[in-house]
Amino acid sequence: MTDAEAQNVAAPLQSAALPSSAKELYPMNNFKYDAFLWSTSILADLFFREVHPRGSWRVPRHGPILFVAAPHANQFVDALILQRTLWREAKRRVSLLIAQKSVHGFIGWASRQVGAVPVGRAQDQARPAKGTIYLPDPINNPTLVRGIGTDFEKEAEIGGMVFLPSIKGHTGASIDIAQILGPEELRLKRPFKGHISMFQLTGRDDINEHGEFADKEVKGCKQGFEGSKFKLAPHIDQTKVYRAVFDRLKAGGCCGIFPEGGSHDRTELLPLKAGVAIMALGALAENPDCGLKIVPVGMNYFHAHKFRSRAVVEFGPPIEVPEKLVEMYKNNQRRQAIGQLLDMVHSGLSAVTVSAPDYDTLMVIQAARRLYNPTGKKLPLPIVVELNRRLAMGYEKYKDDERIIKLQKSVKEYNRQLRYLGLRDHQVGYAKFSWPIVVITFIYRLSKLLVLSAGVLPGLVLFSPVFIATKKISREKAKTALAGSTVKIQGKDVMATWKILVSMFFAPLLYNFYSSILAWRVSRDHLWGSVPDWVPWWAAFVVGWIVFPAITFAALRFGEVGMDILKSLRPLALCINPSSSYNVHQLRERRAELSAQITDVINELGPEMFPDFEHTRLVHADHARTVSGGSTVAAPISPISPSRPPHRRQGSGLSSPGGYSDGVESPTQNGLARRGTTKSSRAIPKNESFSNIGQVHLFSTRPPSRARSRSNSNGLGFPVSGFTTLDSQEGFNEASRKIREAMMERGAMRRRKSQAERGGYFEVADSDEDEEEK
């Protein structure tokens, strides 16, 4: 939604001519909402290995909230994960806005169960128009558009939109129509801007990156220019949408929106649509005392489209809309008010998401994050996301620095060598073991893999038709989505949704087929005489519906551990083979050099960017020591370090700089906001997933102390201050609950530590030390 469209839509919403509806347009039934969310949460637990909520304590437990979530990288799965996390962590139900074109079939039925609000989008209804268009006088009259072979009087309408075609991955620009002057002439509400748009409409070569012309003497288009193809969209009346949102917020409920306007698989945030600002400002204009807050939500995925992937859902500090902006909105200064609020929302989202200009840069940032971890420990996913975010901020500021350019080339070369050997970064560490140890470890893990195969193969064979169908159909849907989009890169954002939908359809059919065969064999010859004669065929059918899903589930749980072990066999084999072990050892030495270089650069530039760098750093360099040859190895980390007093959390590696401290504005460094930290924000919330068989010592691929932790414990004590205000019984109960949970989690950490001291030498982390986001 554009700013001009915002002005046109918002005007009637605060007038007395449009009273509040007596009945909700899109009602939410709490029982249906909870039942649907419970059933679909099972699917989320099966698809995702881990979903970490972070900062959920920031979500207000009462009052109207407008949740803004980004990046929208997983289509309908984003909505499921957001609603599930909010209900489990904050007990808040949220009505999400959904594209009108998606409200059909199962998705339409599901949206009605959770009170979703359908939204019509102009881009969904844009259709190619006949003829071409150009700007006859782009310098003196840039809003005048002239057509060749067009029929604006029949195809266009006032309030509709003109869409230009996309070029080389750049989304085509769109502008609202203000006036139709004839079949071949119309006027826009504002002029097109930018180099690509002006080139499309004039064909001239003297245009700079800002869309300005160098030769002001030439008034028209390039000689011989025949115009540009275009699309037209009708005017979309969003009155009902805004009315529904205002009513929900006025009643103290929650609404959620993905402000980028659609799902995508890019590594950066798309421009935010104005709708989120209109909703907030419009609601406050009608009821200034409603206490509305905007909560930014970061949807951070690690391989979002892959089965058994991971996610971190991070909640930022609530944004309170300044009264000044509401007054501006009321006094016909809507464009300025909307623009300023969008900037605030964008800043809030930037604090809970990781953005990079392109995929290659994101890979370099993530490689630098892995190399910067001198402790050698597996970091919790929320800390991985925070490290990626800080490194991305640093790269954006210092990307033209010679040190960063040189380091970027070195990291890219290191990644290239990893791909050549078929290794992951954390697997390079196998080169430190002696040859006999590597051989024994290889045999040991191969034995574990064979044991696990007994539990995997039956379910894998039985469920293979569903695996094949989900993979094939999701890829086809990704191609279709990519062809119809102007912002997608590979269309991976729709794959997880289609994998889940296809599984929901085919899995019951498959289980029913297997159970029917079992019942038929029982009725025919009692399963070759192995079943007693008194067992009826229908009992066999019921048993089949229990046994076959159980076999599949067992294959899932054993299979994910077995896959981790399988991935660890290749680097061990390379270390055993004399012809390749030398390359692995050389790569390990190169890694140590790169790790030292990256640590030095971060220690040098970090204080320049963040004044409180030493107190809020996530990974402490003092845990690493330097040995001969310049290699950096991890030193043991004690729960109570000599450099820190007992039970005190100074610059803990689990700090969360996502929010401001005590409401004070954070200092800025060259336009980059430095987010303060509070003690209460340093606790890592528990993961929302069921227990992992990898925690069982026999099947684990790492020591118990390094197993996939699903607790808030961090090994550095637990925070007991700053949980909440104690000005009410509710606040006191909340603080008491958090203290009890922290004490239990600390005890669990001690038990894991004691188990680690008894753990074997051959248990090395293999599962996903270098997982990538997106």
Requested in this report: Could you walk me through whether R369 and D425 pass salt bridge (Lys or Arg N to Asp or Glu O under 4.0 Å), step by step?
Outcome: CA-CA 11 Å; R369 180 259 302 166; D425 175 72; over 6 Å; no
Report task. Mind running side chain to side chain contact (heavy atoms under 4.5 Å, CB included) on Y372 and N603 for me, showing each step along the way? Result -> CA-CA 10 Å; Y372 176 58; N603 290 339; 4.3 Å; yes
Requested in this report: Kindly determine whether Y414 and L371 satisfy side chain to side chain contact (heavy atoms under 4.5 Å, CB included), including the steps that lead there.
Outcome: CA-CA 11 Å; Y414 173 73; L371 293 168; 4.1 Å; yes
Report task. For Y395 and Q408, run side chain to side chain contact (heavy atoms under 4.5 Å, CB included): C-alpha distance rounded to whole Å, both residues' side-chain angles, the deciding distance at 0.1 Å, then the answer. Result -> CA-CA 10 Å; Y395 175 82; Q408 185 177 11; 3.5 Å; yes
Report task. Assess whether salt bridge (Lys or Arg N to Asp or Glu O under 4.0 Å) is satisfied between R266 and D493, documenting all intermediate values. Result -> CA-CA 9 Å; R266 291 180 174 271; D493 54 299; over 6 Å; no
**Report entry** Chi angles and distances behind the side chain to side chain contact (heavy atoms under 4.5 Å, CB included) call for L605, I404
**Finding:** CA-CA 10 Å; L605 298 180; I404 299 300; 4.0 Å; yes
Requested in this report: Show the numbers, then the answer: is there a salt bridge (Lys or Arg N to Asp or Glu O under 4.0 Å) between E608 and K397?
Outcome: CA-CA 11 Å; E608 297 180 13; K397 181 176 180 180; over 6 Å; no
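With sequence neighbours left out, the side-chain hydrogen bond (donor to acceptor under 3.5 Å, both in side chains) criterion links T353 to no other residue.
Here the straight-line distance linking atom NZ of K492 with atom CD1 of I489 works out to 9.5 Å at 0.5 Å rounding. The line from CD1 of I257 to NZ of K273 is 11.0 Å long, rounded to the nearest 0.5 Å. Distance check: K499 NZ to L43 CG gives 15.0 Å after rounding to the nearest 0.5 Å. Note that CG of L407 and CG of L594 are 6.5 Å apart. Values are rounded to the nearest 0.5 Å. How far CZ of R591 is from CG of L423: 12.0 Å, rounded to the nearest 0.5 Å. Between T85 atom OG1 and L80 atom CG the span is 8.5 Å, to the nearest 0.5 Å.
Of the possible polar contacts, none joining the T361 side chain to the A356 backbone as a donor-acceptor pair under 3.5 Å is found. In this structure, the side chain of R308 engages the main chain of L46 through a donor-acceptor pair within 3.5 Å. The closest donor-acceptor contact from the side chain of Q75 to the backbone of W498 lies at 3.5 Å or more, if one exists at all. Side chain of R390 to main chain of N388: no donor-acceptor pair is present (N/O by atom type, distance under 3.5 Å, no hydrogens or angles). Checking side-chain atoms of R389 against main-chain N and O of V352 turns up a donor-acceptor pair under 3.5 Å. The main-chain N or O of R49 is never found under 3.5 Å from a side-chain atom of R310 such that the two would form a donor-acceptor pair.
Taking the side chain as every heavy atom from C-beta outward, C254 and F67 approach each other to under 4.5 Å. Put simply, the side chain of K488 reaches to within 4.5 Å of the side chain of S263, judged on heavy atoms. Counting heavy atoms from C-beta on, the side chains of M609 and Y398 come closer than 4.5 Å. Taking 4.5 Å as the limit, some side-chain heavy atom of P60 sits within range of a side-chain heavy atom of K293. Within the 4.5 Å cutoff, no side-chain heavy atoms of Q490 are placed close to those of H305. D265 is not listed as a side-chain neighbour of Y359, based on a closest heavy-atom distance of 4.5 Å or more. In this structure, Q366 and V354 have side chains that are not in contact, with every pair of non-hydrogen atoms separated by 4.5 Å or more. Residues I81 and V313 form a side-chain contact, since some pair of their non-hydrogen atoms from C-beta on lies under 4.5 Å apart.
Across every non-hydrogen atom of E260 and P71, the tightest pair is OE1-CA, 3.2 Å. For the residue pair D78 and A73, the shortest heavy atom distance occurs at OD2-N, 3.1 Å. E320 approaches M344 most closely through the heavy-atom pair O-CE, 4.0 Å. Here the shortest heavy-atom pairing between A280 and L341 reads CB-CD2, 4.0 Å. Considering all non-hydrogen atoms of both residues, V276 and P259 come closest at CG1-CB, 4.2 Å. Counting all heavy atoms, side chain and backbone alike, A496 lies closest to F47 at CB-CZ, 3.7 Å.
The aromatic rings of F258 and H72 lie parallel to each other, with less than 30° between the two planes, well short of the 60° mark.
Atom CE of M563 is surrounded by 12 or fewer heavy atoms from other residues, nucleotides or ligands within 6.0 Å.
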